[in-house]
Amino acid sequence: MYNILRVEGYPVSWVLEDAQIQTVAQELGQSGRPVILDVVAPLKGKLVLSAKSAGSVALLAPPSDLGWTPGGILLPHAHLYVPSATGPTAQAPGYALAQSADLSKLEHDIVAAMRHGTFLTVDVTEGLQDGLLVLNGAALPLAVLCPPSPAGQAAG
């Protein structure tokens with residue numbers, strides 16, 4: 001199984017070989033030491049990742065079964081923007097959150113992680129990929145929580 005890893009501020013997506021995203025997220029959040037991961041693209045080798053230096057790390061699973069969506073309806077999602085190499089755009093406003101996301105609670109959790117310098121894991125989705133966003137409160141300079149906007153309307 002191949003999963004995708006993205007580190008805040010870097011335009012490269014790394015492909016992880018045989019790594020479970022829950023396990024990697026736990027290692028990042030619990031370890032004060034660098035985490036070593038096998039990567040197969042864009043380079044093949046060992047990625048040594050300092051979780052203490054990264055404000056956020058996204059771990060995305062391969063696309064799930066496509067399934068059937070009646071009429072192609074896409075429900076609006078709340079988004080969480082964290083710093084990226086490209087910045088937010090109408091097409092890429094950040095990571096989509098689950099429909100059940102509680103933005104008030106997430107705001108409180110992010111503030112607590114920033115205040116105490118702790119790690120926080122957030123369920124996210126990107127296109128057909130579900131995954132986790134690991135936030136390092138000690139290194140995260142900002143986060144923007146965006147409520148769902150009606151389909152077809154850009155936020156802002």
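We use all heavy atoms of the structure for the numbers below, so side chains are in, but hydrogens, waters and symmetry mates are not.
Under the 4.5 Å side-chain criterion, counting only non-hydrogen atoms from C-beta, Thr121 is not in contact with Leu28. Counting heavy atoms from C-beta on, the side chains of Leu97 and Val124 come closer than 4.5 Å. Here the side chains of Lys46 and Asp38 are in contact, with some heavy-atom distance below 4.5 Å. By the 4.5 Å heavy-atom criterion applied to side chains, Pro83 and Leu142 are counted as neighbours. Proximity of Leu16 to Leu59: side-chain heavy atoms (C-beta onward) are separated by under 4.5 Å at one or more points. Asp130 is not listed as a side-chain neighbour of Asp123, based on a closest heavy-atom distance of 4.5 Å or more. Between Val82 and Pro141, every side-chain heavy-atom pair lies at or beyond the 4.5 Å cut-off. Looking at heavy atoms from C-beta onward, Asn3 lies in side-chain contact with Pro62 at the 4.5 angstrom threshold.
Here the shortest heavy-atom pairing between Pro11 and Ala85 reads N-CB, 3.8 Å. Nearest heavy atoms, Leu145 versus Pro147: O-CD, 4.0 Å. When all heavy atoms are compared, the tightest approach of His77 to Ala96 is CB-CB, 3.9 Å. Heavy atoms only, all atoms of each residue included: Pro42 and Ser13 are closest at CD-O, 3.5 Å.
Cluster annotation: Leu103 is not connected to Val111 through the hydrophobic network of ILVMFWY side chains, with a link wherever side-chain heavy atoms come within less than 4.5 Å. Residues Leu60 and Tyr10 fall into different hydrophobic clusters, defined by Ile, Leu, Val, Met, Phe, Trp and Tyr side chains chained together at heavy-atom separations under 4.5 Å. Leu37 is not connected to Tyr2 by any chain of hydrophobic side-chain contacts under 4.5 Å among Ile, Leu, Val, Met, Phe, Trp and Tyr, and they are in different clusters. No continuous path of ILVMFWY side-chain contacts below 4.5 Å connects Ile21 to Val15, so the two sit in separate hydrophobic clusters. In the hydrophobic clustering of this structure, Leu140 groups with Tyr95; members are Ile, Leu, Val, Met, Phe, Trp, Tyr whose side-chain heavy atoms approach within less than 4.5 Å, directly or through other members.
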Going through the checks in order, is the side chain to side chain contact (heavy atoms under 4.5 Å, CB included) test met by Leu49 and Leu5? CA-CA 11 Å; Leu49 177 61; Leu5 178 135; 4.2 Å; yes
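Within the model, atoms CD of Gln91 and OG1 of Thr86 stand 10.5 Å from one another, a figure rounded to the nearest 0.5 Å. Annotation: the span from Asn136 atom CG to Lys52 atom NZ amounts to 9.5 Å, rounded to 0.5 Å. If you take CG on Asp18 and OG1 on Thr23, they are separated by 12.0 Å, rounding to the nearest 0.5 Å. One distance of note links CD of Gln30 with OG1 of Thr118; it measures 12.5 Å at 0.5 Å rounding. Taking CD of Glu107 as the start and CG of Asp102 as the end, the distance is 10.0 Å to the nearest 0.5 Å. Atom OG of Ser53 sits about 10.5 Å away from atom CD of Glu8, to the nearest 0.5 Å.
Atom CD of Glu17 has more than 12 neighbouring heavy atoms from other residues, nucleotides or ligands inside a 6.0 Å radius.
Using modelled atom types, no side-chain atom of Glu27 and backbone atom of Val35 make a donor-acceptor pair closer than 3.5 Å. At least one donor-acceptor pair closer than 3.5 Å links the side chain of Gln129 to the backbone N or O of Ala61.
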